[in-house]
2 protein chains.
Amino acid sequence: MNRTDGTATSERVLQAAYELFSAKGFHATTTQDICSLAQANIAAVNYYYGSKENLYLEVWRHAAEQTQHHWEECIHEDSPPEEQLRQFIAFRLEAALSDDERGWFTQLIHREMSNPGPLTEELGQRYLFPRVLWFQELVRALVGDKVSERQMRLAGFCIHSPLMHLHEMRMRPDRRPPPPDGGPLADPEALADTVYTFALAGLRELRRLHEEPNR
Amino acid sequence: MNRTDGTATSERVLQAAYELFSAKGFHATTTQDICSLAQANIAAVNYYYGSKENLYLEVWRHAAEQTQHHWEECIHEDSPPEEQLRQFIAFRLEAALSDDERGWFTQLIHREMSNPGPLTEELGQRYLFPRVLWFQELVRALVGDKVSERQMRLAGFCIHSPLMHLHEMRMRPDRRPPPPDGGPLADPEALADTVYTFALAGLRELRRLHEEPNR
DNA sequence: AGAAATATGAAATTTGCGTTTGAATTACAA
DNA sequence: TTGTAATTCAAACGCAAATTTCATATTTCT
């Protein structure tokens, strides 16, 4: 085609790669798949991105950037901690449940983590680690100063894990007899409420235990 | 070698496959890898098990059997529900953290789930689904009759997820700057305590909300 | 318009992996 | 000892997927 279409081709390839990598993982996705979906020739991947692996990296960069914007829209650093926790839960839930690019990134992360490749470490350092730190600070603010560092971390783990686990469920082609109510993914509102309730209840209990350790 | 060594070869192959499949997943493990680790010829996999895929199935059968024994040792159906929950948490924690065959199965499950293959559905139906049902009944016993089915499920999700998420962490070759205390995996006792505390606190809060829904 | 750069397409090449083959070796029983 | 079945081994095959090649088409620039 023409040149303007040309740059559009590289875009289409990136989009297709994004979608397929998050849906099926790096290895299960062939360059053929990508180029078919992008309606481009098989050579397009290597022409525009050098290699399949490099395209994968580019997808990560693109996805992380988008997610950053979304993060800044959803989470306001000047809200009180409880509110930020709610915002955070909503943010992750939306990321886990939506079927568009916001959701794709979550799946991408999860696939990379549970099936580590040569890039895992770098990607984790660059895109994931900062979020973990942010979250720990939030938990510290919520749990108060009395609780030990270790205890605080464990609490953070318990709060965070439902959100992580959700990604996992989202990703499975679950053809088990679906529960009559559609499982936890069916009603995001109720799920967010429950996660939030459990988090606050756990934190409160923890504070209580640390204030009256005898009993 | 001799014939007795011969049957030992098939054992070694199974063991090696178990270890590698859980460490790297089905696709990332080559028959070459397996046979090298088992100190067997490349043809051994197909000679003894017909195909790589069938060997994978055999590994699952073997692993599930072992895990069943372990389960029966750890969890006593005649204990009160709170006690069973504790036992369950301890069981899953041990499975997630140990470096031997008990831990391997956990990883195997998790890999299969996050990177579904043609066998995923069948394996899930056969080996995983029954456990989910068991757990739901436990949560029902803990949460009482007042709470709705959906709410009960969501609670179960929140309780179960730290254990699932743990598997996930276990699996990553995590070379992030390890937290000074070694992260949640360093002190299984404390982790078990915290998970248990959060679970009970959440359940209590839920019951409370359902008894005095106004406020 | 014509030359240079850029983009596309189809086919060829390469590589890695699962599987097969057939010969060589070993175990065991008659 | 000799025949038979089981096991091991190295090499070869077949296939699928990534990458390269090179010819052709299109755009840009002068």
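Lettering follows sequence order; numbering is per chain, from 1. Below, each value reflects all heavy atoms present in this structure, side chains not excepted, and no hydrogens, waters or symmetry copies.
- Side-chain nitrogen and oxygen atoms of A:Thr31 include at least one within less than 4.0 Å of the OP1 or OP2 phosphate oxygen of D:dA18.
- Side chain of B:Thr30, nearest nucleotide from D:dT7, D:dT19, C:dC17: C:dC17.
- Taking atom CG of B:Asn46 as the reference point, atom P of D:dA10 lies 16 Å away to the nearest angstrom.
- Side-chain polar atoms of A:Glu72 and A:Gln68 form a donor-acceptor pair below 3.5 angstrom.
- You'll find that the side chain of A:Ala43 is closest to D:dT21, out of D:dT21, D:dT8, C:dT19.
- B:Glu112 and B:Thr120 share a side-chain donor-acceptor pair at under 3.5 Å.
- Of all nucleotides listed (C:dG18, D:dT8, C:dT8), C:dG18 comes nearest to the side chain of B:Lys52.
- Comparing C:dA10, C:dT19, D:dC9 by their nearest atom to the side chain of B:Asn41 picks out D:dC9.
- When the P atom of C:dA7 is taken as reference, atom CD of A:Glu11 falls 13 Å away, rounded to whole Å.
- Listed pair B:Tyr48 / D:dT8 meets the phosphate criterion, a side-chain N or O lying under 4.0 Å from OP1 or OP2.
- Defined by atom type and a distance below 3.5 Å, a donor-acceptor pair is missing between the side-chain atoms of B:Gln15 and B:Trp104.
- Remark: P of C:dG16 and CD of A:Glu53 are 14 Å apart, rounded to the nearest angstrom.
- Between B:Asp33 atom CG and C:dC17 atom P there is a gap of 8 Å when expressed in whole angstrom units.
- Checking D:dA10, D:dT19, D:dA17 against every side-chain atom of A:Ile42, the shortest atom distance belongs to D:dT19.
- Between the OH atom of A:Tyr47 and the C1' atom of D:dA25 there is a distance of 12 Å, given to the nearest Å.
- Residues A:Gln136 and A:Arg153 have side chains that bring a donor and an acceptor to within less than 3.5 angstrom of each other.
- As rounded to whole Å, 13 Å separates atom P of C:dC17 from atom CZ of B:Phe26.
- The interatomic distance linking A:Lys24 (NZ) with D:dA17 (C1') rounds to 12 Å, in whole Å.
- In summary, the side chains of A:Asp33 and A:Ser36 do not present any donor paired with an acceptor at a separation below 3.5 Å, with no hydrogens or angles considered.
- In this structure, NE2 of A:His27 is placed 13 Å from C1' of D:dA18, rounded to the nearest angstrom.
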